[in-house]
Amino acid sequence: MNDDSSQKVGRSSRLVHMGRSSSNGSAVNPSIERASTYLYGTVEAMRDVEASRAKGERARAYGRRGSQTGFHLEDALVEMEQGHCARLTSSGLAANVLVFLSTLKAGDHAVVSDGVYGPVRKFAINALKRHGVDFDFCRADGSDIETLLRENTRLIYLEIPGSVLFEIADLPRIASVAKAAGAWLAVDNTWASGWLYKPLALGADISVVSATKYLNGHSDVLLGAVVANQATWPLINDMAELTGVSASPDDAYQVLRGLRTLAVRMKAHADHASRLVDWFKAQPFVRRTYYPASPEHDGHAIWRRDFAGGSGLFSIELKPEFDERRAIAFVNALRLFGIGSSWGGFESLARLENAAMLRTASTPPKGHIIRFHAGLEDANDLLQDVAAASQIFVG
Ligand SMILES: *Cc1c(COP(=O)(O)O)cnc(C)c1O
């Protein structure tokens with residue numbers, strides 16, 4: 001089979017073949033092309049490449065702009081997210097920040113979701129105003145965006161689902177609001193990994209993803225990507241060139257390798273998460289679970305409409321009578337869940353969140369919040385592990 005994307009095959013089949021090409025004797029995986037300098041035979045040849053790069057075209061003129069290895073990954077992400085072009089960045093956060101820098105200037109106003117990843121929230125608070133950009137946090141489900149728009153609003157920046165509490169925003173509706181307001185619409189698509197949700201197809205201008213998480217899938221690489229539509233690509237590309245955004249070819253290679261198994265991994269993560277959520281729902285120490293694939297989740301109907309599946313990340317809220325000491329004891333008692341940040345790897349993780357700090361545009365949860373990443377261990381073992389640890393809530 002060749003890699004002709006016009007061929008009518010399923011998405012999982014495309015995942016195996018996208019972003020690579022084969023000819024007689026070529027390796028299955030693209031090789032790692034390490035380079036700062038690219039060489040040319042003549043001054044004219046070098047000028048030609050530099051001229052095409054100046055026009056915003058992708059060219060191997062200098063290693064900072066990327067390598068052939070990185071270009072393969074960009075191609076795969078563009079196909080996956082139905083974008084126009086993509087730019088790799090050294091981390092997911094660098095991709096998030098590139099979106100703000102590319103679309104805003106002093107005097108503009110932005111609407112930022114209250115549900116964004118913590119460090120993005122920190123960037124908005126500490127860096128936007130300092131650079132003359134005013135902003136407001138909207139509710140993580142996007143329900144109050146219209147009331148926050150100003151004449152100078154140029155960017156609506158969402159994360160869907162919201163960090164930790166996984167609120168679902170109605171993207172097609174917000175896309176028409178953004179269009180009418182003349183604002184760009186960007187979505188952090190990391191929870192769904194670019195695979196289960198397609199913000200650009202639903203009306204967003206920019207999709208940004210931390211490839212550190214599911215795309216790589218093995219907890220050993222930091223990488224991010226901005227996937228842009230035709231209208232926003234020149235803004236993203238220009239700012240990336242101006243600010244020295246770059247990504248390592250070795251990391252791009254690892255993510256390309258991880259991407260091949262994304263479809264099967266996501267199914268297992270979602271299956272394990274659903275089984276854990278179903279178990280937690282029935283426990284007397286749990287006030288609420290937060291998982292969009294669960295029917296009682298507030299955003300479930302929209303999630304069903306817009307997403308092709310669930311991921312492994314969910315949270316539980318303890319009943320308020322359980323204090324922090326018990327919440328800590330529970331997490332410490334888990335044996336198969338590592339205690340750590342990030343997620344999307346093969347391993348299960350648990351993290352005690354600071355519930356009071358999670359939201360400011362809506363009421364934060366009252367009970368302690370524990371965020372779980374359901375990994376690829378045997379689901380029955382994971383269930384047994386949480387059941388054993390939960391003994392600390394008894395008596
Ligand atoms: C982890 C994460 C990021 C940042 O990615 P890094 O690669 O760790 O910098 C951005 N957005 C979301 C939703 C994330 O979970």
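All ligand and atom numbering here is 1-based and tracks the order in the structure.
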Present, as a list of atom pairs with distances to 0.1 Å, all nitrogen or oxygen contacts under 3.5 Å between ligand 1 and the protein.
residue  : atom   : partner : partner atom : Å
ligand 1 : 5 (O)  : S210    : OG           : 2.9
ligand 1 : 7 (O)  : G92     : N            : 2.8
ligand 1 : 7 (O)  : S210    : OG           : 2.9
ligand 1 : 7 (O)  : T212    : OG1          : 2.5
ligand 1 : 9 (O)  : G92     : N            : 3.1
ligand 1 : 9 (O)  : L93     : N            : 2.9
ligand 1 : 11 (N) : D188    : OD2          : 2.7
ligand 1 : 15 (O) : K213    : NZ           : 2.6

Hydrogens and angles aside, do S67 and R60 bring a side-chain donor and acceptor to less than 3.5 Å of each other? no
Before accepting this row, confirm whether a basic side-chain N of the pair K105/D108 lies closer than 4.0 Å to the acidic partner's carboxylate O. yes
F123 CZ to Y157 OH distance, which is reported to the nearest 0.5 Å: 9.5 Å
Donor + acceptor pair across side chains of E159, S113 (<3.5 Å): no
Evaluate the side-chain proximity of M18 to R260: yes if any heavy-atom separation is below 4.5 Å, no if none is. yes
Are D48 and Y40 close enough that a side-chain donor and a side-chain acceptor fall under 3.5 Å? no
